[in-house]
Amino acid sequence: MMEELLEKYAQVLLESCLKVEKDQPLFISYNIERSDFVRIVTKIAYKLGVKDIYYDVVDPYLKHEALMNLEVEELKKLRFWNKEMWNVYAKKNAAFLMLASEMPGLMGDVDSKKVSTMTKYALETRKEFDSFRDKSELAWCIAAVPTYSWAKELFKDSTNPVEELWDKIFDICSIKEKDPVSIWNSKIEKLDLRSNKLNNYKFKTLKYKSSNGTDFKINLPKNHLWASGKSVLADGREVLVNFPTEEVFTSPDCMSAEGIVYSSKPLSYQDVVIDNFNISFKDGKVVGFSAENGYDTLKELINICDNSNMLGEVALVEYDSPISNTNQVFLETLYDENAACHIALGDSFPECVEDGPKIDKKVLFDQYHLNNCDSHVDFMIGTSDLNIIGVTSSGEEVQIFKDGNFTEEFK
């Protein structure tokens, strides 16, 4: 049974999410612990006619030892942080499958400055990949696969935590259902309709408030667009870049954020857990922050590169939604961000303004104030009592969220 579900999951990722074509190269990034699943993906990829597969395999424990024992210049010689092959395969028009696996807390004893420096270096070495992606010229998808340490952190009393986490993933992704593809097509249609309703209002400002202290507002650019997890590529193919997905999102005016937001879930960033934190903004920029856990790492991610202290995304997810209703904190951004409203420090999405993928990112920054940044880090702010008001250019106020969920108009 497990083998059948794993094959079905792999097939959905390749055929439905990525729309892999015959003779198209495939790039797979993954944790070495999940080589067994990658073998299944490989078998299906060859059946689809793929002949060129590149494996970007990472061993987090080896990364940890390197970070503990080597200096930055020595670390840069290791392929863990040199992402040049991402650029090579982007030029080949490869499909990119990014298999996310958390190792919560693994890097907790590593100098946060060193982790930040190497994260920045990795981002700088794959800029051509990012450019192709920003122009909607690449099929890519992020999906999760369990590791033992991640699963054990979530299910401490389980005798088989990996199988239990797989079971959660299969349920959330509808893999146990007869036709998961149809289920997800229907879900994306609903998210697209919701995006269209939001687009029709052409909101100028969003105002957030919840009882945990969040009191925040941000402007949206002229000609902004709300989108779902479906991405329409330049060649017309529709791919699902996050699997699973529950969000609708857009990119804000990065120079306009005002107020304070409080985290509603922990953030696992570079295998360090940041928890119970808040961030304050003025004139778009972070002007203050605090965290009960992971303060130094939060400080580094806010300042990791140019413009990483400004926002690039606002995303809306109902509190009453499938992942949220599992009552499980996953310590994996892909899942936790699809269980709660979230915002992201760093890079914006060109597709979130009209004709954005065709416009140079510097122009998008100068004319639309869409953030241009090497980094992009989501964190969750959605709560059961979050209220969001949209303000139109005429000053009309429209309730988008009430008590954590969309109002009837946007259901």
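Computed from a prediction, not measured in an experiment: that's the story for all the values here.
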Is the ring pair [X]/[Y] parallel, tilted or perpendicular, if the boundaries are 30 and 60 degrees?
X: Tyr9; Y: Phe37; answer: tilted
X: Phe27; Y: Trp86; answer: tilted
X: Phe410; Y: Phe406; answer: tilted

Lys92 charged N/C atom sitting above Tyr89 aromatic ring, 6.0 Å / 45°: yes

Within 45° cone and under 6.0 Å: Arg194 NZ/CZ vs Trp226 ring: no

Neighbour count >12 (heavy atoms, 6.0 Å) for atom [atom1], [X]:
X: Lys222; atom1: NZ; value: no
X: Lys152; atom1: NZ; value: yes
X: Lys83; atom1: NZ; value: yes
X: Lys76; atom1: NZ; value: yes
X: Lys282; atom1: NZ; value: no
X: Glu74; atom1: CD; value: yes
X: Lys209; atom1: NZ; value: no

Sequence neighbours excluded - side-chain hydrogen bond (donor to acceptor under 3.5 Å, both in side chains) pairs with any residue from residues 298-308: Ser116-Glu300

Where at least one partner belongs to residues 117-126, residue pairs that pass side-chain hydrogen bond (donor to acceptor under 3.5 Å, both in side chains), sequence neighbours excluded: Arg126-Asp130

State whether [X] and [Y] are salt-bridged, where the test is any N-O pair (Lys NZ or Arg NE/NH1/NH2 against Asp/Glu carboxylate O) under 4.0 Å.
X: Lys362; Y: Asp366; result: yes
X: Asp167; Y: Lys176; result: yes
X: Glu337; Y: Lys265; result: no
X: Lys190; Y: Asp192; result: no

Candidate list Asn276, Ile279, Asn278, test side-chain contact (heavy atoms from CB on, under 4.5 Å), partner Ser290, passing option: Asn278

Under 3.5 Å donor-acceptor pairs involving side-chain atoms of residues 158-165, not counting sequence neighbours:
residue: Ser158; atom: OG; partner: Asn160; partner atom: N; Å: 3.1
residue: Ser158; atom: OG; partner: Asn160; partner atom: O; Å: 3.4
residue: Ser158; atom: OG; partner: Glu164; partner atom: OE1; Å: 2.9
residue: Asn160; atom: OD1; partner: Glu163; partner atom: N; Å: 3.2
residue: Asn160; atom: ND2; partner: Glu163; partner atom: OE1; Å: 3.2

Minimum heavy-atom separation for [X] and [Y], please, with both atom names.
X: Pro252; Y: Ile218; result: CB-CD1, 3.4 Å
X: Trp150; Y: Glu102; result: CB-O, 3.0 Å
X: Pro221; Y: Leu370; result: CG-CD1, 3.5 Å
X: Phe80; Y: Asp59; result: CE2-N, 3.8 Å

